[in-house]
Amino acid sequence: MKWTQTLIPTLREAPADAEIVSHKLLLRAGLIRKLAGGVYTFLPLGLRTLRKVEQIVREEMDRAGAVEILMPALQPTEIWEQSGRAETASNVLFKVKDSSGRAWFLSPTAEEVVTTLAANEINSYRQLPKNFYQISLKFRDEIRPRFGLMRAKEFIMKDAYSFDTTDEGAMASYKKMYDAYTRIFARCGLKAFPVEADTGVIGGNYSHEFMVPAETGENDVAFCEDCGYAANLEKATSGIPKTATREMGPAMEKFATPGVVTIEALSKPPYQVPANRQIKTLVYVADSQPIIILIRGDDQLNETKLMARTGAVAVRPATVEEIVALLGAKPGSLGAAVKVPEVVKVFADDRLQGANDMTTGANEDGFHLKNVSVERDIKVSAWFDLRTVSAGEPCGKCHKPLKIRRAIEVGHVFKLGTKYSEKLNATFLDADGSRKPSVMGCYGIGVTRTLQAIIEQSNDKDGVIWPLSVAPYQVCLTPLTVAPESPAMQLAEKFYTELTARGVEVILDDRDERPGVKFKDSELVGFPIRIGIGEKSLAKGEVEIKSRNGALQSVKTEAAVETVLRLVAEGRPV
RNA sequence: CGGAGCGUAGCUCAGCCCGGUAGAGCACUUGCUUUGGGAGCAAGACGUCGCAGGUUCGAAUCCUGUCGCUCCGACCA
């Protein structure tokens, strides 16, 4: 490809609406352009890298035994009603109507469609296991698209769905995908690692996310460098000890705390109740039902855990009005020891199990209770792990301190079980003649997000540093004069022909620009290998070979093609 | 949906407070010079100042509304 033939609109300055480095570079390197918020056009170079990532995904999925299909982006709403997700996933569904008024959803994922397919086409255990995947445009009505391709209204996703006869089979399918993901991200030159994850609205009971460490990520991951434990903070647990049991008084005691409405205020004089001897009482509304949550004063509630443990589809903090109506006091004086309506469930964090000599609100503005024993004085409906892990807490497995860092989620594997196959009748006849629902798994990779994560992880002050495997072109030929009869251009043409014939992807910068401009652009775009051909080195019978992330070397012109071939074959230029 | 900010040339931004002929740098076109790391000089082209109302003799500037964009939060398969 010749530079002047394609379109590579590089920008010296980043557009003002780009915030993070990968988003700026996507725009500056001329890979994408924004049409609207969260909606982008892929320009020639951006599309080439996208196709390369897709191809790596495709090869590894095929290798893992999955088969490619293509499902519609337009999905009838009925199957979503049937699975129950029309309601639970409502806030992210793109809803459209055709001219006759019929409602459709634009596909954000395809569990319903693929399960319907399986229901119709798979009847026997002899047809299983199967794993169907597709690489396609997905739509999500993001309330706040941001960071370019990271969180967009439409994006390319690879989604795969496995169907097995047994739980063991489903685990094996899961493991195959897990291993395939590890290979895919490695081949993309990405340092991605798996972490235990919450399953969210998609359901299921076992899940890992593949994370790329990055300060600009939208997830927090807790991990232990010693034993390798790693989990999304939404899911992470630690080995932090429960609250110590102490000597205490025989009964609860009410005391006045005028104006004290925070844990911190109660921990100061004259009260001096340490946060870890206080019970934090929160009122939430879970699927329209008010619930009370108890966690220790120095802990933070994890709403994802709350949803997972209670099975609620939507939870939100109750309003002050709702709280006063329920408990008769405002936030700051709440507790679960007295005046709690019978019907209201009280969920307590495990860390409070056995806790006594605690202080909590009296459900009366300006009063607290002390000498509270959770066991003796509070009617707890259920105990759950509800707290958010903090950095430095002991690892639950090996007791070394946990660390927390930000990361970008690029892939997610779920073991679904029979949730969808039961609702959408994807059953098969087993060897013993009984009819059973398929045991499913689903596996996603955000392809466009992965592309941006590669840039986020691999760049410097000059621009993108593409791994060879996903670079839009492997080699950039840079003749410093471009007149057709000039020796530099003639040699460039010769290299172009030879390298292309040997299967190397080459772009020839035939622009009549000053050398500085061409060097800067090739570094901004991030081609792994550049061959500089100018009068000075030609006079010595040499050309310059520069790898994007390494040193410049002068080589004899005769040796140039072989040198480049060797660099490409090594996969990672010097 | 709450909070904050921004919409002026292809890009980055000034001008707005204090109303009076719409600007700079980069990019683009032409010419000359230059030619191994984002060149110099000269000439040129490019704007319904997001949109709609209002106030005013006069609005990029003041007022109201509206749309879009960005950030924080909520949300996130």
Side-chain angles (χ1 to χ4, degrees), chain A residues 9-20 23-24 27-28 30 33-39 80 83 85 88-94 105 107-112 138-148 150-153 155 157-161 197-204 207 209 216-219 232 234 303-304 307 313-317 409 411-414 416 419-420 442-446 449 462-463 478-483 486 488 511-524 530 532-540 542-544 546 552 554:
Chain A
T10 57
L11 299 171
R12 193 177 294 199
E13 290 173 286
D17 54 7
E19 193 69 18
I20 65 175
H23 186 196
K24 287 178 181 169
L27 293 164
R28 287 192 58 211
R33 282 296 181 266
K34 184 173 76 175
L35 179 63
V39 180
W80 286 77
S83 73
R85 289 206 298 176
T88 58
S90 178
N91 52 341
V92 294
L93 278 168
F94 250 110
F105 294 146
S107 175
T109 179
E111 280 80 8
E112 284 78 3
K138 297 296 189 298
F139 301 86
R140 203 176 294 177
D141 192 5
E142 288 292 347
I143 49 183
R144 179 142 96 88
R146 59 180 134 178
F147 301 154
M150 284 291 183
R151 181 165 295 278
K153 282 181 186 288
F155 55 96
M157 183 164 98
K158 185 286 300 176
D159 45 328
Y161 307 88
D198 180 65
T199 52
V201 187
I202 203 158
S207 170
E209 289 166 332
T216 52
E218 298 185 87
N219 291 87
N232 192 308
E234 295 176 343
E303 288 191 8
T304 306
M307 291 172 77
V313 169
V315 300
R316 63 170 173 84
E409 178 194 347
H412 204 158
V413 292
F414 295 86
L416 285 177
K419 173 180 167 177
Y420 292 91
C442 75
Y443 318 94
I445 288 180
R449 179 183 286 182
D462 295 314
T478 310
L480 299 187
T481 51
V482 296
S486 69
R511 293 175 301 165
D512 187 13
E513 287 285 355
R514 301 169 63 82
V517 173
K518 300 173 92 159
F519 291 148
K520 286 288 184 190
D521 270 351
S522 80
E523 279 151 19
L524 176 56
R530 182 180 70 218
I533 309 171
E535 311 290 334
K536 285 185 185 171
S537 38
L538 275 185
K540 291 185 280 184
E542 293 175 342
V543 294
E544 285 168 356
K546 166 87 173 69
L552 182 145
S554 291

Enquirer: Contact between A:Leu93 and A:Trp80 at the side-chain level, heavy atoms closer than 4.5 Å - yes or no?
Expert: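 In short, these two side chains touch, coming nearer than 4.5 Å.
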Enquirer: When all nucleic acid strands are considered with a 4.0 Å heavy-atom cut-off, which category describes A:Pro108: base, sugar-phosphate, or nothing?
Expert: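 Touches a base.
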Enquirer: Write down the partner of B:rG23 under the Watson-Crick or G-U wobble criteria, each distance required to be under 3.5 Å.
Expert: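 Pairing partner: B:rC13.
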Enquirer: Could you work out the separation of B:rG10 and B:rC46 based on their P atoms and round it to a whole Å?
Expert: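 Pairwise P distance, B:rG10 against B:rC46, rounds to 12 Å.
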Enquirer: Measure CG/A:Leu27 against C1'/B:rG10 and give the value in whole Å, please.
Expert: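 It works out to 14 Å between those atoms.
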Enquirer: Sort me out a list of protein N/O and nucleotides 66-75 of chain B N/O pairs below 3.5 Å, or just none if empty.
Expert:
unit_1	atom_1	unit_2	atom_2	d
B:rC69	OP1	A:Gly37	N	2.9
B:rC69	O3'	A:Lys34	NZ	3.2
B:rC72	OP2	A:Arg144	NH1	3.2
B:rC72	OP2	A:Arg144	NH2	2.9
B:rC72	OP2	A:Arg146	NH1	3.4
B:rC75	OP1	A:Glu303	OE1	3.3
B:rC75	O2'	A:Asn91	ND2	3.3

Enquirer: With sugar-phosphate meaning primed atoms plus P, OP1 and OP2, does A:Asp521 contact a base, only sugar-phosphate, or nothing at under 4.0 Å between heavy atoms?
Expert: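 Counting heavy atoms under 4.0 Å across all strands, the contact made by A:Asp521 includes a base.
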Enquirer: With sequence neighbours excluded, tell me which residues meet side chain to side chain donor-acceptor pair (under 3.5 Å) with A:Asn232.
Expert: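 If we apply the side chain to side chain donor-acceptor pair (under 3.5 Å) test to A:Asn232, skipping adjacent residues, the hits are A:Glu209.
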Enquirer: Determine whether any donor atom in the side chain of A:Arg530 lies under 3.5 Å from an acceptor atom in the base of B:rG37, or the reverse, and answer yes or no.
Expert: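 Under the 3.5 Å cut-off, the side chain and the base do form a donor-acceptor pair.
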Enquirer: Just the rounded figure in Å: distance from P of B:rU35 to CG of A:Asp512.
Expert: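 From A:Asp512 CG to B:rU35 P: 14 Å.
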Enquirer: Can you tell which of B:rU35, B:rC11, B:rG37 lies closest to the side chain of A:Phe519?
Expert: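 The closest nucleotide is B:rG37.
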Enquirer: Is A:Glu303 paired with A:Arg316 through a side-chain N to carboxylate O contact shorter than 4.0 Å?
Expert: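 Here A:Arg316 does not pair with A:Glu303 in a salt bridge, since their nearest N and O are not under 4.0 Å apart.
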Enquirer: Is any side-chain heavy atom of A:Phe105 less than 4.5 Å from a side-chain heavy atom of A:Arg85?
Expert: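 A:Phe105 does not reach A:Arg85 side chain to side chain.
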Enquirer: Using purine N1 to pyrimidine N3 plus N6-O4 or O6-N4 for Watson-Crick, or N1-O2 and O6-N3 for G-U wobble, both under 3.5 Å, which nucleotide pairs with B:rG37?
Expert: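 For B:rG37, the partner nucleotide comes out as none, under the 3.5 Å rule.
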Enquirer: So do the side chains of A:Ser107 and A:Lys138 get within less than 4.5 Å of each other, counting heavy atoms only?
Expert: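 The answer is yes, as the side chains (C-beta and beyond) meet within the 4.5 Å cut-off.
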Enquirer: In Å, rounded to the nearest 0.5 Å, how long is the span from NZ of A:Lys24 to CG of A:Asp17?
Expert: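 It comes to 11.0 Å.
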Enquirer: According to side chain to side chain donor-acceptor pair (under 3.5 Å), who are the partners of A:Ser486, at least two apart in sequence or on a separate chain?
Expert: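 A:Ser486: side chain to side chain donor-acceptor pair (under 3.5 Å) contacts with A:Thr481.
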Enquirer: Could you check whether A:Glu142 pairs with A:Arg151 (Lys NZ or Arg NE/NH1/NH2 to Asp/Glu carboxylate O, under 4.0 Å)?
Expert: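 Judged by the 4.0 Å cut-off on N to carboxylate O distance, A:Glu142 and A:Arg151 do form a salt bridge.
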Enquirer: Check the distance between B:rG38's P and A:Arg514's CZ and give it to me in whole angstrom.
Expert: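 A:Arg514 atom CZ is separated from B:rG38 atom P by 8 Å.
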Enquirer: Could you run down the sub-3.5 Å N/O contacts of the protein with nucleotides 22-29 of chain B?
Expert:
unit_1	atom_1	unit_2	atom_2	d
B:rG25	N2	A:Glu13	OE1	3.4
B:rA27	OP1	A:Arg12	NH2	3.4

Enquirer: Less than 4.5 Å apart, side chain to side chain, heavy atoms only: is that true for A:Glu535 and A:Leu480?
Expert: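 SC-SC contact between A:Glu535 and A:Leu480 ruled out.
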Enquirer: When you look at A:Glu111 and A:Ser83, which way does the side chain to side chain contact (heavy atoms under 4.5 Å, CB included) test go after all the steps?
Expert: CA-CA 9 Å; A:Glu111 280 80 8; A:Ser83 73; over 6 Å; no
Enquirer: Output the rounded distance in Å from CD (A:Glu209) to P (B:rC76).
Expert: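 From A:Glu209 CD to B:rC76 P: 13 Å.
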Enquirer: What is the distance, rounded to the nearest whole Å, between atom NZ of A:Lys158 and atom C1' of B:rA77?
Expert: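 Computing the A:Lys158:NZ to B:rA77:C1' distance gives 13 Å.
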Enquirer: When rounded to the nearest 0.5 angstrom, what is the spacing between CG in A:Leu416 and OH in A:Tyr161?
Expert: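 Between atom CG of A:Leu416 and atom OH of A:Tyr161 there are 9.0 Å.
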Enquirer: If I pick the C1' atom on B:rU48 and the same atom on B:rC41, what distance separates them, to the nearest angstrom?
Expert: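 Going atom to atom, C1' in each nucleotide, I get 35 Å.
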Enquirer: When the C1' atoms of B:rA9 and B:rA22 are compared, how many Å lie between them, rounded to an integer?
Expert: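 My reading of the C1' atoms in B:rA22 and B:rA9 gives 11 Å.
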Enquirer: What's A:Arg33 touching, base or sugar-phosphate or nothing? Going by heavy atoms closer than 4.0 Å.
Expert: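 Nothing, no nucleic acid heavy atom in range.
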Enquirer: Taking B:rA4 as the reference, what is the distance to B:rA77 when you measure between their C1' atoms (whole Å, please)?
Expert: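 B:rA77 and B:rA4 have their C1' atoms separated by 31 Å.
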Enquirer: Using a 4.0 Å heavy-atom cut-off across all strands, classify A:Thr481 as base, sugar-phosphate, or nothing.
Expert: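 Touches nothing.
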Enquirer: Tell me which nucleotide, if any, is Watson-Crick or G-U wobble paired with B:rA42 when both distances must be under 3.5 Å.
Expert: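 Its partner is B:rU30 (Watson-Crick or G-U wobble, both distances under 3.5 Å).
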Enquirer: Under 3.5 Å between N/O atoms: give me all the protein pairs with nucleotides 40-43 of chain B, atom names plus distance.
Expert:
none

Enquirer: Is A:Arg146 paired with A:Glu218 through a side-chain N to carboxylate O contact shorter than 4.0 Å?
Expert: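 Salt bridge present between A:Glu218 and A:Arg146.
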Enquirer: For the residue pair A:Asp159 and A:Thr109, confirm or rule out a side-chain donor-acceptor distance under 3.5 Å.
Expert: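 Result is no, nothing qualifies.
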Enquirer: Taking the side chain as every heavy atom from C-beta outward, state whether A:Lys153 and A:Asp141 have any atom pair closer than 4.5 Å.
Expert: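 In short, these two side chains touch, coming nearer than 4.5 Å.
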Enquirer: Can you pull every protein N or O that's under 3.5 Å from an N or O on nucleotides 3-8 of chain B?
Expert:
none

Enquirer: Between atom OH in A:Tyr161 and atom P in B:rA77, what is the gap in whole Å?
Expert: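 Going from A:Tyr161 (OH) to B:rA77 (P), I get 14 Å.
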Enquirer: For residues A:Glu409 and A:Arg449, determine if any side-chain heavy atom of one lies less than 4.5 Å from a side-chain heavy atom of the other.
Expert: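 The answer is yes; the side chains approach within 4.5 Å.
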Enquirer: Which whole-number value in Å describes the distance from A:Phe94 CZ to B:rA77 P?
Expert: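 Those two atoms, CZ and P, are 17 Å apart.
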Enquirer: Whole-Å distance between B:rG2 C1' and A:Arg316 CZ?
Expert: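 A:Arg316 atom CZ is separated from B:rG2 atom C1' by 15 Å.
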Enquirer: For nucleotides B:rA24 and B:rA14, find the distance between their C1' atoms and express it as a whole number of Å.
Expert: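 The answer is 7 Å between these two C1' atoms.
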Enquirer: Please name the nucleotide paired to B:rC62 by Watson-Crick or G-U wobble geometry with both distances under 3.5 Å, or report none.
Expert: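 Paired with B:rC62, as far as the under-3.5 Å criterion goes, is B:rG54.
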Enquirer: Would A:Asp521 and A:Thr10 count as a side-chain hydrogen bond (donor to acceptor under 3.5 Å, both in side chains) if you check the C-alpha gap in whole Å, the side-chain angles of each, and the deciding distance to 0.1 Å?
Expert: CA-CA 7 Å; A:Asp521 270 351; A:Thr10 57; 3.0 Å; yes
Enquirer: Applying a 3.5 Å limit to both distances, which nucleotide forms a Watson-Crick or G-U wobble pair with B:rU70?
Expert: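 The answer is B:rA4, by the H-bond criterion.
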